[in-house]
Amino acid sequence: MKGIYWDLFRTFFKIGVVTFGGGYAMIPLIETEVVDKKKWVGKQDLLDLIAIAQSCPGVFAVNISIFIGYKLRKERGAACAALATSLPSFIIILLIAMFFHQFEDNKVVAAMFRGIRPAVVALIAVPTFNLAKKANINLANCWIPIGGALLIWLLGVNPIVIIIVAGLAGYVYGRYIQPTE
């Protein structure tokens with residue numbers, strides 16, 4: 001029984017250590033560890049969890065870890081996974097806060113952070129394109145995420161409104177419009 005908690009903690013701690021780029025950058029790591037290696041959830045389940053996690057308030061990666069931990073061991077599993085995902089970031093931020101004043105003007109450190117930025121963009125872009133492929137985003141329906149992004153960016157529409165409208169539209173489409181097989 002304790003083995004699964006340790007395995008859950010170790011897995012999500014390892015994922016949490018490489019949080020550059022945030023939760024979306026973790027998706028490939030989560031998929032590799034949780035779907036491919038551990039087989040705790042299937043690929044379609046992970047896609048559903050990603051949709052739910054990004055719709056819920058809170059940190060994306062922590063939300064996913066909570067859902068997976070809960071699936072495996074209910075409340076204790078959820079707490080274990082959430083702690084494991086959050087702890088590395090907490091430790092890193094604590095260390096940076098403690099020592100930042102000593103190297104904030106260091107040109108090497110500034111150059112390192114400038115170098116990390118493009119890598120972070122790639123870490124976010126790759127899972128985004130993979131998610132689009134898995135969610136069957138194609139030329140016929142790519143207007144939905146593009147339109148949502150443009151509404152948020154250009155018109156300042158609240159993302160929560162976009163999520164609610166998209167969810168309702170998906171429900172109506174699936175329930176009343178989509179042809180049944």
Side-chain angles (χ1 to χ4, degrees), residues 7-8 11-74 77-78 81-82 84-86 89 116-181:
D7 199 20
L8 191 62
T11 299
F12 279 104
F13 188 87
K14 181 169 51 171
I15 291 167
V17 166
V18 288
T19 60
F20 294 106
Y24 292 102
M26 292 179 174
I27 291 172
L29 299 168
I30 293 170
E31 184 174 7
T32 299
E33 290 294 322
V34 172
V35 175
D36 299 336
K37 289 183 182 176
K38 307 286 185 189
K39 305 213 183 303
W40 287 336
V41 296
K43 286 187 185 280
Q44 186 59 44
D45 292 336
L46 181 63
L47 186 59
D48 294 341
L49 287 175
I50 290 168
I52 294 168
Q54 68 188 32
S55 301
C56 294
V59 179
F60 177 77
V62 174
N63 288 347
I64 289 178
S65 69
I66 288 170
F67 292 135
I68 293 170
Y70 187 84
K71 182 179 189 281
L72 295 176
R73 288 291 185 261
K74 303 293 181 212
T85 307
S86 306
S89 296
I116 288 173
R117 288 181 193 142
V120 169
V121 170
L123 287 171
I124 294 170
V126 170
T128 300
F129 289 119
N130 289 337
L131 281 173
K133 191 166 69 173
K134 290 176 188 170
N136 298 320
I137 303 293
N138 54 41
L139 291 177
N141 61 10
C142 68
W143 62 271
I144 299 169
I146 292 170
L150 289 174
L151 286 170
I152 294 167
W153 180 49
L154 295 175
L155 301 178
V157 175
N158 190 318
I160 294 171
V161 172
I162 302 291
I163 291 169
I164 292 169
V165 169
L168 290 172
Y171 174 77
V172 168
Y173 177 78
R175 179 84 172 166
Y176 301 108
I177 299 170
Q178 181 183 26
T180 56
E181 296 176 22

All heavy atoms of Ile66 vs all of Ala82, minimum pair found to be CG1-CB, 3.6 Å
Atom pair CD1 (Ile27) and CG (Leu47), whose distance is rounded to the nearest 0.5 Å: 9.5 Å
Measure the spacing between CD1 of Ile163 and CD of Gln54 and express it to the nearest 0.5 Å. 6.5 Å
So which pairs with a foot in residues 121-137 pass side-chain hydrogen bond (donor to acceptor under 3.5 Å, both in side chains), sequence neighbours left out? Glu31-Lys134
Closest non-hydrogen atoms of Ile68 and Phe12, given as atom of the first, atom of the second and distance, are CD1-CZ, 4.0 Å
Heavy atoms only: give me the nearest Ile137-Pro145 pair and the separation to one decimal. CG2-CG, 4.3 Å
Donor-acceptor under 3.5 Å (Lys74 side chain, Lys71 main chain): no
Check for a donor-acceptor pair, side chain of Asp45 on one end and backbone N or O of Asp48 on the other, with a separation under 3.5 Å. no
Going through the distances and angles, do Ile152 and Ile162 end up as a side chain to side chain contact (heavy atoms under 4.5 Å, CB included)? CA-CA 8 Å; Ile152 294 167; Ile162 302 291; 3.8 Å; yes
Between Tyr176 and Tyr171, how do the two ring planes meet: parallel, tilted or perpendicular, split at 30° and 60°? perpendicular
Do you know the tightest heavy-atom contact between Leu8 and Gly77? CD2-O, 3.3 Å
Straight-line distance of Tyr70 OH to Ser65 OG, nearest 0.5 Å: 15.0 Å
Who pairs with Asp7 by salt bridge (Lys or Arg N to Asp or Glu O under 4.0 Å), at least two apart in sequence or on another chain? Arg10, Lys38
With side chain to side chain contact (heavy atoms under 4.5 Å, CB included) as the criterion, how do Ile15 and Thr85 come out once you've worked through the C-alpha distance, each side chain's angles and the decisive distance to 0.1 Å? CA-CA 7 Å; Ile15 291 167; Thr85 307; 5.6 Å; no
Closest contact, heavy atoms only, Ala53 versus Ile64: CB-CG1, 3.5 Å
Nearest non-hydrogen partners of Gly69 and Ala81, listed with the distance: CA-CB, 4.1 Å
If you count heavy atoms of other groups shown closer than 6.0 angstrom to CG of Leu155, is the number above 12? yes
